[in-house]
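What follows is a set of notes on a single structure, which appears directly below.
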Amino acid sequence: MIYYPQVLADLVTNALAAAQAAGELPTFVLPDITVQPSQKAGQGDYNTNAAMLLSKVAQQPPRQVAEIILKHLTRPEYLQEAVVAGAGFINFTLNPNALKALVETIIAEGSDTLCSLTIGAGKRAQVEFVSANPSGPITIGHARNAVTGDTMARLLEAAGYDVQREYYFNNAGNQMVLLGKSLQARYLQALGLDVAFPEDGYRGDYISEYAQKLVEERGDTLKDADWQPFKEYAEAQMFAWIKRTLERVNIRHDQFFNENSLFESGAVWDTLKAMEANGYIYRAKEWEGASAEEHAKAADLQPATWFRTTRFGDEKDRVMVKGDGVPTYTLPDIAYHRNKIERGFDLMVNVLGADHGQQYKVVAWGIQALGLPADNIHVIIIQMVKTMRDGKEFKISKRAGIFDTLDDLIDMVGADAIRFHMLGRSANTHLTFDVDEVVKQSNDNPVYYIQNAHVRCASILRSAQERGICDEGADLTLLGADELTFIRKVLELQDIIALAVNQYEPHRIAFYAKELAATFHPIYDRVRAMGDGVPEDVGKARLRFYRAAQVAFQRVLGLMGMSAPERM
RNA sequence: GCCCCCGUAGCUCAGCGGAUAGAGCGUUGCCCUCCGGAGGCAAAGGCACAGGUUCGAUUCCUGUCGGGGGUACCA
């Protein structure tokens, strides 16, 4: 579909160049002209503030610059009017019949590609999200990360990128050992042996369930085994569970990347060596800038390996390899991002929790210390989700076995409601997820408000089919102002996708969806396609319009990973 | 201490340096001879404060005040 902000901006740019050539404007480097959709009636369909921005370099008042632009502006058929307004805006009004004809374009593009852009054409993007270690099920807390990452991926695809969804995990740490030992203890207990449960072990019911399964599958053959096979078993079960849960909310990762592979390939130590070669690494008991007091405290420690993050403005250097020779998780994380860059992605988006806020900076500095570009890596920081139930907040603790699994939540409110509510706030602000509020399936629930718009379209078309009315070959010029309003709103989806992608703000699609539905419902009320003395040809055009509207809602719901029901 | 985020309507939140700051909920008052009312129409109600940059600031910068989160030789 034609992207009006771009073609109009090109027209303005060409007009400016023509004006300069004609000597009506002084010579200056043409800036990027932006054209945006107008928000208010009477201001045309699109507008630009170019004349105001150029007023100074043009050495003329804004309105005069605008007049000069208009004088040299070519007028394609789709452009009905371009006028100067206000302090120096140029308002563009499109030819209504050109807009009405877009109904066919919308239907032709269909629910999979409507309003797709080309800004990512030929480029590969990667979105890394969820990345929870397989030590427990997916919780409500993870859900926001999952939904944000997947929606970002969908939007990137709509923007033309070839997108890979990746899940990074660690199955080698102390926590996984503890998981294995927890299962081992439950297994032995299930065999009737009196064994102590590990302190700080994982107490979730699912561990006991796995122990029971293990007894059924293997009997007591693992009685004398160490924790290793238990860890492997628990991990496999856990991953199966995690994937199953994510699948329920329409999320599928393309790639699961094991941190351990970075150790096996030697990448971790190679990375450290490369950083060292660039002068960012040293070994010491305490960091170089530490006070005498701190040095004294560290006197008994084994020397650790430090990364000079202070060179990038950090308050102190960071440990890469602990005194016992084991790397902190930051080092493999740097190696991981180096690996991503080597895989040749044009864009890497990383969805992280707020508790990693400081961490990602160190990783970015690590990339710079390697002499690699860090500007293609973008991080979306997800602030905490506060979970409420019965008017009270409850905390999630994996190890204590207190958590609300995403599975339970899906059972209660459904995948669609979860996907929508998790996009209900911009990622970098705190979100309160009130289970009772979301469970409430009442008029005030925007999920149904949006889906009902699709239902209504489907219902009309179903009814038309039953009456044997065909909408093909409709005369779209018979459509009215209401329908035009909706078509303009559909066009805005292009801007929403561009904005969401450029600013890494997937939540914008959720707010747009509400607006689109709010534009639709009043029109549905007024614009009848059948009965009530609606002329046959007008009804046919309106039917065609509702078919396009249905495509639009399918597209928007699809971008949010939600379903588009035919009936409520 | 340092870092990050947030202060917009009674409540929950949108708002890409532009024109008269938008929704939903709640409150009040209306609309069902209907392609499904899980809807529609209408009323009341708001940018924490002070400077700065700008033709123009809710938006950018600085500071103050208030709220939340993060700050390991854990992962």
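Every chain is numbered from 1 and lettered A, B, ... according to where its sequence line falls, protein lines coming before strand lines.
Nucleotide B:rG66: paired with B:rC6 (Watson-Crick or G-U wobble, both distances less than 3.5 Å). With a cut-off of 3.5 Å on both pairing distances, the Watson-Crick or G-U wobble partner of B:rG18 is B:rC55. In this structure, B:rA23 forms a base pair with B:rU12, meeting either the Watson-Crick or the G-U wobble geometry with both donor-acceptor distances under 3.5 Å.
Nucleic acid contact for A:Gln302: base, since at least one base atom lies under 4.0 Å from a heavy atom of the residue. Residue-level contact check: A:Asn49 touches the bases, meaning some heavy atom is under 4.0 Å from a base atom. Within 4.0 Å (heavy atoms only), A:Asp495 reaches no atom of the nucleic acid at all. Counting non-hydrogen atoms under 4.0 angstrom, A:Val447 reaches nothing in the nucleic acid. Within 4.0 Å of A:Ser55, counting heavy atoms only, lies no atom of the nucleic acid at all. Among the heavy atoms of the strands lying under 4.0 Å from A:Leu53 is at least one base atom, whether or not backbone atoms are also near. If you check every strand for non-hydrogen atoms under 4.0 Å, A:Asn91 touches a base.
Side-chain proximity of A:Phe89 to B:rC35, B:rG40, B:rA19: nearest is B:rA19. Side-chain proximity of A:Ala304 to the nucleotides B:rC3, B:rC73, B:rA19 is greatest for B:rC73.
Applying the 4.0 Å criterion to OP1 and OP2 of B:rG22, one finds that A:Lys40 has a side-chain N or O inside that range. Within the 4.0 Å cut-off from OP1 or OP2 of B:rA14, at least one side-chain nitrogen or oxygen of A:Ser426 is found. Put simply, A:Lys322 has a side-chain N or O that comes within less than 4.0 Å of OP1 or OP2 on B:rC74. Using a 4.0 Å cut-off, no side-chain N or O of A:Lys514 falls inside it from OP1 or OP2 of B:rA14. Considering only side-chain N and O atoms, A:Tyr448 lies nowhere under 4.0 angstrom from the phosphate OP1 or OP2 of B:rG36. Taking only side-chain nitrogens and oxygens, A:Arg456 never comes nearer than 4.0 Å to OP1 or OP2 of B:rG36. Between A:His356 and B:rC74, a side-chain N or O to OP1/OP2 separation shorter than 4.0 Å is absent. Listed pair A:Tyr524 / B:rG37 meets the phosphate criterion, a side-chain N or O lying under 4.0 Å from OP1 or OP2.
A gap of 22 Å separates the C1' atoms of B:rU58 and B:rA44, to the nearest Å.
Comparing A:Val319 and A:Arg528 against RNA chain B, the residue whose closest nucleotide sits nearer the 5' end is A:Arg528. Nearest-nucleotide positions on RNA chain B place A:Arg318 closer to the 5' end than the other of A:Tyr329 and A:Arg318.
In this structure, A:Phe312 has its ring center closer than 6.0 angstrom to the ring center of A:Tyr280.
For the pair A:Ser459 (side chain) and A:Val455 (backbone), a donor-acceptor distance under 3.5 Å is absent.
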Hey, can you pull the donor-acceptor pairs under 3.5 Å for the side chains in residues 414-425 of chain A, sequence neighbours left out?
{"residue": "A:Asp416", "atom": "OD1", "partner": "A:Ser563", "partner atom": "N", "Å": "3.0"}
{"residue": "A:Asp416", "atom": "OD2", "partner": "A:Gln451", "partner atom": "NE2", "Å": "2.9"}
{"residue": "A:Asp416", "atom": "OD2", "partner": "A:Ser563", "partner atom": "OG", "Å": "2.5"}
{"residue": "A:Arg419", "atom": "NE", "partner": "A:Met560", "partner atom": "O", "Å": "2.7"}
{"residue": "A:Arg419", "atom": "NH1", "partner": "A:Asp150", "partner atom": "OD2", "Å": "2.8"}
{"residue": "A:Arg419", "atom": "NH1", "partner": "A:Val249", "partner atom": "O", "Å": "2.8"}
{"residue": "A:Arg419", "atom": "NH2", "partner": "A:Asp150", "partner atom": "OD2", "Å": "2.9"}
{"residue": "A:Arg419", "atom": "NH2", "partner": "A:Thr151", "partner atom": "OG1", "Å": "3.1"}
{"residue": "A:Arg419", "atom": "NH2", "partner": "A:Met560", "partner atom": "O", "Å": "3.3"}
{"residue": "A:Arg425", "atom": "NE", "partner": "A:Thr429", "partner atom": "OG1", "Å": "3.3"}
{"residue": "A:Arg425", "atom": "NH1", "partner": "A:His430", "partner atom": "O", "Å": "3.0"}
{"residue": "A:Arg425", "atom": "NH2", "partner": "A:Thr429", "partner atom": "OG1", "Å": "3.4"}

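A:Tyr282 and A:Asp317 form a side-chain donor-acceptor contact under 3.5 Å, judged by distance and modelled atom types alone. For the residue pair A:Ser55 and A:Gln60, no side-chain donor N or O sits within less than 3.5 Å of a side-chain acceptor on the partner.
Heavy-atom neighbours of A:Asp324 CG from other residues, nucleotides or ligands within 6.0 Å: above the threshold of 12.
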